[in-house]
S.K.: 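One structure, as structure tokens, below. Some questions next.
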Amino acid sequence: MRTRHLVTLLLIALSAAPARAAYFPADAIDGPSADIVSVGEVDFTRDGAGAVSYVKRDAGMDHVFVVRMSGGVWQPPERVDPGIATASSQPVIGVADSGRVVAAFVSGGQLYGTSRVPGATGWSAPVLIAAAGGDPSLDVSLNGVSYVTYTAAGDVLGARLARDGTAWEPLEQPLDITPADVSGNSDVGVAADGVALSTFVEGNNVVARKLFGTKVSQAPQVLNADQVDGHAGAAADSPDADVEDDSSFAWVVFRQNFDDHQRVLARRLLGSTFDPPVVIDAGQSGSAPRIDLSERGEGTTAVATPDDGVVAGMLHLDAFGPPVRLDAPPNVLAPAPAPTIGENGAATVSWFQAPTAADATVVHGRHWVIDQTKRGFPVPEADTLLSNPAFGPVDPPAGMDAAADRLGDSVTAFVQGTGADRRLVAAAYDRVPGKFFPYLGTSYRSLKYRPLKWAPASEIWGAVTYTVLIDGRSVGTTTAARFSPAVRVKDGRHRVQIVATDLRGQTARTASKVLRVDDTPPSLRTNVRRSGRTVTVTASAHDKRSGLREIVTSFGDGTRRKGSRVSHRYRSAGSFRLAISAIDNAGARRISARTIRVK
């Protein structure tokens, strides 16, 4: 877990071919400004809310800012460390499905936390998590429980923020096993059940440890491999972890030296123990690995090769496929690849690239979808340029991060431009609205009394606009999943199709279906006789196209009776509105009404 400023687009011409899901080049979410320094982290929830944390100078000093995405639109930048006089750095962030956003950062050697809850007009005042701390890692569970781990005086420590809490609770003990050993480089992931998995480096070992509330598991596990392919293992570093909804299932990737060369390994947590290591880079490790898991356990990893290439690993049905080279060499800088995956198996990896030292750095990305109903692994889609050429060169030292929602929509954030033209930018992979279908049936329908209805198209980055086509011509648009045309549609047989258009102008459409229209009300003849307080209604009706469904009489005092001949005795005197309705099988109706005065 770990796009661009959305502008509402005009509907594309309906005669054009439907757009496919696609990358959208980076658009600025802050800037241009010489004060933009670096990217922190990106996080998105399953429901499409997200945030980017970053460092920006304010009055000449580095401070932490956040840009949130809500309703598919990037919100204005917000400074989250007000009232802190010292420079801030190392921002980390997490977002819960409830809409709560939690951030932590370092300022003056101290670790602070802050949060923003739905409906609030701003962020909470920063609170002190630790009087000394650095290199934080933070994750927020589906239900809003947050953990942060960090390094202080060579130890790895942690704190927990309850779902509705405002004060961080320190964990009861350090995470590292031997306080005398130097530890750090921690990472933490939180499952939906609120249990966390922390990994870190202690001495020459990668260690994993679970966190329950404020308690630390008493069974830490060293993940180093003793040997792989007959080669003895040595020091390990750079762990990255992610967990599924169930905290009994997680994966950790890390880098380890062997007596022949370095390898990147992956180990699965199954219950309380880890499976044997799996090599996921084909012996081509050149950087710290990263992993992203979906809630169902599908995953993607990314690691740089010694020649600054990018290798991805696809995790499907609890097994990795062969490593896949994503880039087209050459590249002269560390690519720092960032992976994402959605709950539907849609994955991306993005990276820095410059073919020669004379070339401006750009960001590339590739996308693929793991079919969760089948075995096997897909071929990634084409390499795509993600950075915006109009914004100038990408700044690799300013960092990059990426994250996705449950549908595989993903954002990659980085910095482009120099001097006063620096921008914090976000490139997006945005899927088209999901498949949907109308509820029509085979019978006749009165569009006036029975609106067209359809299952909404799945889209969580903003509202979808639906265009209704009847016989190939637009009869109107709506953002609801129901529609009645403002113009009369002739009775008879027609073809209907509904086009869903998202904020970027991408479309999905239903198949063309037969629509049988009967908007002509039935004929109706009535006779009303009153005798004292008793009223008798005799009615006859006919509908030649869809057929008559029923005749209903409302006597105006709350009494309704069905039938062609009905009687009713009023209990009190007064004036009552008598309404006789003939309703056909399409839902069209003709009403004959009058006032009855009862003495």
Side-chain angles (χ1 to χ4, degrees), residues 8-22 24 48 72 342 344-346 367 369 371-374 381 406-409 429-522 543-547 549 583-589:
T8 303
L9 303 174
L10 295 176
L11 289 175
I12 63 170
L14 294 174
S15 58
R20 298 180 60 226
F24 287 81
N344 60 353
H367 175 267
V369 179
D371 188 337
Q372 298 174 347
T373 67
K374 300 178 181 178
E381 296 171 9
R406 74 174 187 271
L407 298 181
D409 305 312
Y429 188 91
D430 188 3
R431 64 186 290 282
V432 300
K435 291 182 179 180
F436 65 114
F437 53 89
Y439 302 122
L440 290 178
T442 58
S443 60
Y444 280 91
R445 173 185 298 270
S446 168
L447 297 178
K448 178 179 179 181
Y449 293 100
R450 291 176 58 196
L452 291 171
K453 296 181 181 180
W454 53 87
S458 56
E459 171 61 47
I460 52 182
W461 277 7
V464 171
T465 298
Y466 299 96
T467 301
V468 179
L469 308 178
I470 294 182
D471 298 330
R473 299 181 61 182
S474 172
V475 295
T477 61
T478 179
T479 56
R482 54 186 294 151
F483 179 77
S484 292
V487 295
R488 171 92 185 246
V489 177
K490 294 174 60 175
D491 289 358
R493 182 185 172 111
H494 301 272
R495 304 292 299 190
V496 65
Q497 189 175 36
I498 303 158
V499 180
T501 305
D502 67 14
L503 291 182
R504 297 181 185 277
Q506 298 182 113
T507 62
R509 59 183 67 205
T510 66
S512 176
K513 298 288 186 180
V514 173
L515 172 66
R516 296 172 175 85
V517 176
D518 178 12
D519 258 327
T520 301
D543 187 271
K544 64 180 181 180
R545 188 176 295 275
S546 62
R549 187 174 78 194
I583 305 169
D584 66 19
N585 286 316
R589 62 193 63 197

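Just so you know, these numbers come straight off a predicted model, no measurement behind them.
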S.K.: Can you find a heavy atom in the side chain of Asp371 that is under 4.5 Å from one in the side chain of Val369?
M.R.: no
S.K.: Per the ring pair (Phe, Tyr, Trp, His ring centres under 6.0 Å) rule, what does the pair list look like for residues 464-491, sequence neighbours excluded?
M.R.: Phe436-Tyr466, Trp454-Tyr466
S.K.: Can you list everything that forms a side chain to side chain donor-acceptor pair (under 3.5 Å) with Ser512? Sequence neighbours excluded, please.
M.R.: Arg495
S.K.: Could you give the distance from CD1 (Ile470) to CD1 (Ile498), rounded to the nearest 0.5 Å?
M.R.: 9.0 Å
S.K.: Do you know the tightest heavy-atom contact between Thr467 and Ser474?
M.R.: CG2-OG, 3.6 Å
S.K.: Side chain of Asn344, backbone of Leu407: donor and acceptor closer than 3.5 Å?
M.R.: yes
S.K.: Taking the side chain as every heavy atom from C-beta outward, state whether Arg445 and Leu452 have any pair of such atoms under 4.5 Å apart.
M.R.: yes
S.K.: Testing the basics here: between Arg589 and Pro521, what is the closest heavy-atom pair and its distance to 0.1 Å?
M.R.: O-CB, 3.4 Å
S.K.: Can you sort out the partners of Tyr449 under ring-ring contact (aromatic ring centres under 6.0 Å, His included), two or more places apart, ordered by chain and number?
M.R.: none
S.K.: Go through the structure and list residues passing side chain to side chain donor-acceptor pair (under 3.5 Å) with Asn585, not counting sequence neighbours.
M.R.: none
S.K.: Would you indicate whether the side-chain heavy atoms of Leu503 and Thr465 approach each other to under 4.5 Å?
M.R.: no
S.K.: Got Leu515 and Leu440 here, is their nearest side-chain heavy-atom distance under 4.5 Å?
M.R.: yes
S.K.: Can you check whether Leu447 reaches Val475 side chain to side chain, under 4.5 Å on heavy atoms?
M.R.: no
S.K.: What residues, two or more places apart in sequence or in another chain, satisfy side-chain contact (heavy atoms from CB on, under 4.5 Å) together with Ala463?
M.R.: none
S.K.: Can you see which heavy atom on Ala508 is nearest to which on Pro433, and at what distance?
M.R.: CB-O, 3.2 Å
S.K.: Taking side chain to side chain donor-acceptor pair (under 3.5 Å) as the definition, give me every residue that meets it alongside Thr442, ordered by chain and number, with sequence neighbours left out.
M.R.: none
S.K.: So does Arg431 get a backbone contact from the side chain of Asp409, meaning a donor-acceptor N/O pair under 3.5 Å?
M.R.: yes
S.K.: Less than 4.5 Å apart, side chain to side chain, heavy atoms only: is that true for Trp461 and Arg504?
M.R.: yes
S.K.: State whether a side-chain donor-acceptor pair under 3.5 Å links Asp519 with Ser446.
M.R.: yes
S.K.: Does Glu459 reach the main-chain N or O of Asp502 with its side chain, forming a donor-acceptor pair under 3.5 Å?
M.R.: no
S.K.: How far apart are the closest heavy atoms of Ser546 and Ala586, and which atoms are they?
M.R.: OG-N, 3.5 Å
S.K.: CG of Asp543 to CZ of Arg549: how many Å apart, nearest 0.5 Å?
M.R.: 11.5 Å
S.K.: Using 0.5 Å steps for rounding, measure from the CZ atom of Arg545 to the CG atom of Asp491.
M.R.: 5.0 Å
S.K.: Would you say Lys490 and Val517 make side-chain contact, with heavy atoms under 4.5 Å?
M.R.: no
